[in-house]
**Q** 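There's a structure below that I have some questions on.
Computed from a prediction, not measured in an experiment: that's the story for all the values here.
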Amino acid sequence: MFGLTTWFTIGTLGMVVGTAMLAYGILLVPTERRRQLALAALVPAIAAVAYGLMALGIGGLATADGGTVFVPRYVDWLLTTPIHVALVALIVGASTRAIARLAALQAATIVLGFVGATLAAPLNWLLYLAGSAGFAAVVYLLYTEIEAVADDEPDDVAALFRKLRAFVVVLWLVYPVIWLVGPAGFEVMDLETTALVVTYIDVVAKVGFGLIAINDFVKMAAATDETADVDAVGGDAQVAD
C-alpha cells in the first residue's frame, strides 16, 4: 500500500507547506533579518523540488552493489546543508572566510557520502569515514571558532546561535546512522523504510530550523519594542517632574 512514491509525495507536500509557513514568517521579523531568513525558506523550497522529482520516479541511480541511490536527494543536501551551517554562523556575524570554510566542509561531506553510496566495499566505507571526518570538522568549528564569535554577541543572539547549532548537530547525526544501517551500509533497513525515515527527518530539519529562527527573532523584536516603550515612559516622567 505504501512505498517510495508515497513517502516522496508526503515529503513534497511537507516541504511545500513548510516553505509557505517560512515565507509568511519572514514578514513578521525585522527587515534586517529577512535576507537571512529568506535563505532558510529557500531550503525547503529546494527540497520540495527534489522530493517532487523523486515522487515522479526521476533521479534513481543504480549502485555498484545493485541498490539504488537517489541523485535529487543528494543534490538537495549539497545545496541546503551548507546553507544551514552558513546561516548558523551568519547569525552571530562570523567572517566570510569562516562561513565559506564551514560551507565547503559540509558540501564535501555530502559529495563523499553520495560517491560512497554508489560504490561497493571497501571504497564505500572509506568514503563514509572521510565524509564523517568532514562533518566532525564542521562540528568542531561551530563549537570553537564560531562559538568564540558568539561570545561577543548579545545574549539573545548567542542563545539563538547555540539553539540552532544544537538542532543542526543533533539532528544531522541521524543521517550517517541511517547511511550506516540503510542499503548503502549494513542493509538493516530496506530502501522503503530508509526513505520513510529520511523524509521525516528532512522535513523536521529543514522546516524546524526556519521556524526556530523566526520565532526567536520575533521575540527579540518584541523585547526591543517593550524596552523602548519603558524608556519612553521613563523619559516622559522625568520631563513631567
**Q** Are I146 and L102 packed together at the side-chain level, in the sense that at least one heavy-atom pair is separated by less than 4.5 angstrom?
**A** yes
**Q** How long is the straight-line distance from CD1 of I83 back to CG of L42, given to the nearest 0.5 Å?
**A**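 With rounding to 0.5 Å, CG (L42) is 5.0 Å from CD1 (I83).
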**Q** Passes side chain to side chain contact (heavy atoms under 4.5 Å, CB included), V71 versus F114? Steps please.
**A** CA-CA 8 Å; V71 177; F114 170 73; 4.1 Å; yes
**Q** Check P44 against G18 and note the closest heavy-atom contact, atom names and distance.
**A** CG-C, 4.5 Å
**Q** Taking all non-hydrogen atoms of both residues into account, name the closest pair between A94 and I99 and its distance.
**A** O-CD1, 3.6 Å
**Q** Is the closest side-chain heavy-atom distance between T6 and E192 below 4.5 Å?
**A**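 SC-SC contact between T6 and E192 ruled out.
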**Q** Not counting sequence neighbours, list each pair that qualifies as a ring pair (Phe, Tyr, Trp, His ring centres under 6.0 Å) and has a residue in residues 13-34.
**A** none
**Q** Are W7 and T194 close enough that some pair of their side-chain heavy atoms sits under 4.5 Å apart?
**A**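 No, side chains not in contact.
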**Q** Let's go through W77 and V198 carefully: what are the C-alpha distance in whole Å and the side-chain angles of both, what is the deciding distance for side chain to side chain contact (heavy atoms under 4.5 Å, CB included) to 0.1 Å, and is it a yes or a no?
**A** CA-CA 12 Å; W77 290 346; V198 170; 3.6 Å; yes
**Q** Is the shortest side-chain heavy-atom distance between L78 and V111 below 4.5 Å?
**A**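 Yes - at least one pair of side-chain heavy atoms lies under 4.5 Å apart.
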**Q** Which pairs of donor and acceptor atoms, one on a side chain in residues 52-67, lie under 3.5 Å apart (sequence neighbours left out)?
**A**
| from | atom 1 | to | atom 2 | distance (Å) |
| --- | --- | --- | --- | --- |
| T63 | OG1 | D65 | OD1 | 2.5 |
| T63 | OG1 | G67 | N | 2.8 |
| T63 | OG1 | G67 | O | 3.4 |
| D65 | OD1 | G67 | N | 3.3 |

**Q** Does D202 reach the side chain of M15, with side-chain heavy atoms less than 4.5 Å apart?
**A**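 A side-chain contact under 4.5 Å exists here.
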**Q** Measuring from atom CG of L105 to atom CD1 of I110, what distance do you get when rounded to the nearest 0.5 angstrom?
**A**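 L105 CG to I110 CD1: 12.0 Å, rounded to 0.5 Å.
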**Q** Could you tell me the separation between the CG atom of L79 and the CD1 atom of I46, rounded to the nearest 0.5 Å?
**A** 5.0 Å
**Q** What residues, two or more places apart in sequence or in another chain, satisfy side chain to side chain contact (heavy atoms under 4.5 Å, CB included) together with V174?
**A** I178, I201
**Q** Got a second to check how far L180's CG is from W125's CH2, nearest 0.5 Å?
**A**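 Going from CG on L180 over to CH2 on W125, the span is 5.0 Å.
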**Q** How long is the span from the CE atom in M220 to the CZ atom in R33, to the nearest 0.5 Å?
**A** 6.5 Å
**Q** Quick one: are I212 and L160 in side-chain contact, heavy atoms under 4.5 Å?
**A** yes
**Q** Distance from L22 atom CG to I214 atom CD1, nearest 0.5 Å?
**A**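 One gets 5.0 Å once the value is rounded to the nearest 0.5 Å.
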**Q** Quick one: salt bridge (Lys or Arg N to Asp or Glu O under 4.0 Å) partners of R101, sequence neighbours excluded?
**A** E145
**Q** Check the hydrophobic clustering (I, L, V, M, F, W, Y; side-chain heavy atoms under 4.5 Å; chains of links allowed) and say if V204 and V169 are grouped together.
**A**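 Linked, V204 and V169 end up in one cluster.
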**Q** What pairs of residues pass the ring pair (Phe, Tyr, Trp, His ring centres under 6.0 Å) test when at least one of them lies in residues 195-222, not counting sequence neighbours?
**A**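 Applying ring pair (Phe, Tyr, Trp, His ring centres under 6.0 Å) to every pair that reaches into residues 195-222, excluding sequence neighbours, yields H84-F209.
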**Q** Quick one: list whatever passes side chain to side chain contact (heavy atoms under 4.5 Å, CB included) with V181, sequence neighbours left out.
**A**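 Partners of V181 under the side chain to side chain contact (heavy atoms under 4.5 Å, CB included) test: V188, M189.
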**Q** In the structure I gave you, are the side-chain heavy atoms of N215 and L211 within less than 4.5 Å of one another anywhere?
**A** no
**Q** Run the salt bridge (Lys or Arg N to Asp or Glu O under 4.0 Å) test against K163 and tell me which residues pass, sequence neighbours left out.
**A** D216
**Q** For T109, what residues pass the side chain to side chain contact (heavy atoms under 4.5 Å, CB included) criterion, not counting sequence neighbours?
**A** Q106, F135
**Q** Using every non-hydrogen atom in the two residues, find where V16 and A48 come nearest and quote the distance to one decimal.
**A** CG2-CB, 4.0 Å
**Q** Does the pair W179 and N124 meet the rule for a side chain to side chain contact (heavy atoms under 4.5 Å, CB included), with working shown?
**A** CA-CA 11 Å; W179 195 103; N124 60 339; 4.2 Å; yes
**Q** Can you name the residues that form a ring-ring contact (aromatic ring centres under 6.0 Å, His included) with F70, not counting sequence neighbours?
**A**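 F8.
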**Q** Could you tell me which non-hydrogen atom of A23 sits nearest to which non-hydrogen atom of A41, and how far apart they are?
**A**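 Answer, listing the atom of A23 first, then A41: N-CB, 4.4 Å.
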**Q** For the pair R73 (side chain) and A50 (backbone), establish whether a donor and an acceptor sit closer than 3.5 Å, ignoring hydrogens and angles.
**A**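 No, because the side chain of R73 does not come within donor-acceptor range (under 3.5 Å) of the backbone of A50.
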**Q** Any ring pair (Phe, Tyr, Trp, His ring centres under 6.0 Å) pairs touching residues 147-168, not counting sequence neighbours?
**A** none
**Q** Under 4.5 Å between side-chain heavy atoms, hopping through other hydrophobics if needed: is there a path connecting V170 to Y143?
**A** no
**Q** Shared ILVMFWY cluster between V43 and V49, side chains joined below 4.5 angstrom?
**A** no
**Q** Check side chain to side chain contact (heavy atoms under 4.5 Å, CB included) between P176 and all other residues, then give those that pass, not counting sequence neighbours.
**A** Y128
**Q** Consider only side-chain heavy atoms of I, L, V, M, F, W and Y, link residues closer than 4.5 Å, and tell whether L129 and V177 are in one cluster.
**A**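 L129 and V177: separate clusters.
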**Q** Answer whether the closest heavy-atom distance between the side chains of K206 and D76 falls below 4.5 Å.
**A**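 Yes; the side chains approach each other to less than 4.5 Å.
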**Q** Check salt bridge (Lys or Arg N to Asp or Glu O under 4.0 Å) between D151 and all other residues, then give those that pass, not counting sequence neighbours.
**A**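 If we apply the salt bridge (Lys or Arg N to Asp or Glu O under 4.0 Å) test to D151, skipping adjacent residues, the hits are R162.
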**Q** Do the side chains of F186 and L173 join up, straight or via other hydrophobic residues, at under 4.5 Å, putting them in one cluster?
**A** yes
**Q** Between V88 and V168, is the side chain to side chain contact (heavy atoms under 4.5 Å, CB included) condition met? List the steps.
**A** CA-CA 9 Å; V88 170; V168 165; 4.3 Å; yes
**Q** Which pair of heavy atoms, one from T118 and one from V115, lies closest together, and at what distance?
**A**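 For T118 and V115, the tightest heavy-atom pair comes out as OG1-O, 2.6 Å.
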**Q** Kindly check if the number of other-residue, nucleotide or ligand heavy atoms within 6.0 Å of OH (Y140) is above 12?
**A**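 Atom OH in Y140 is not packed in, count stays at 12 or less.
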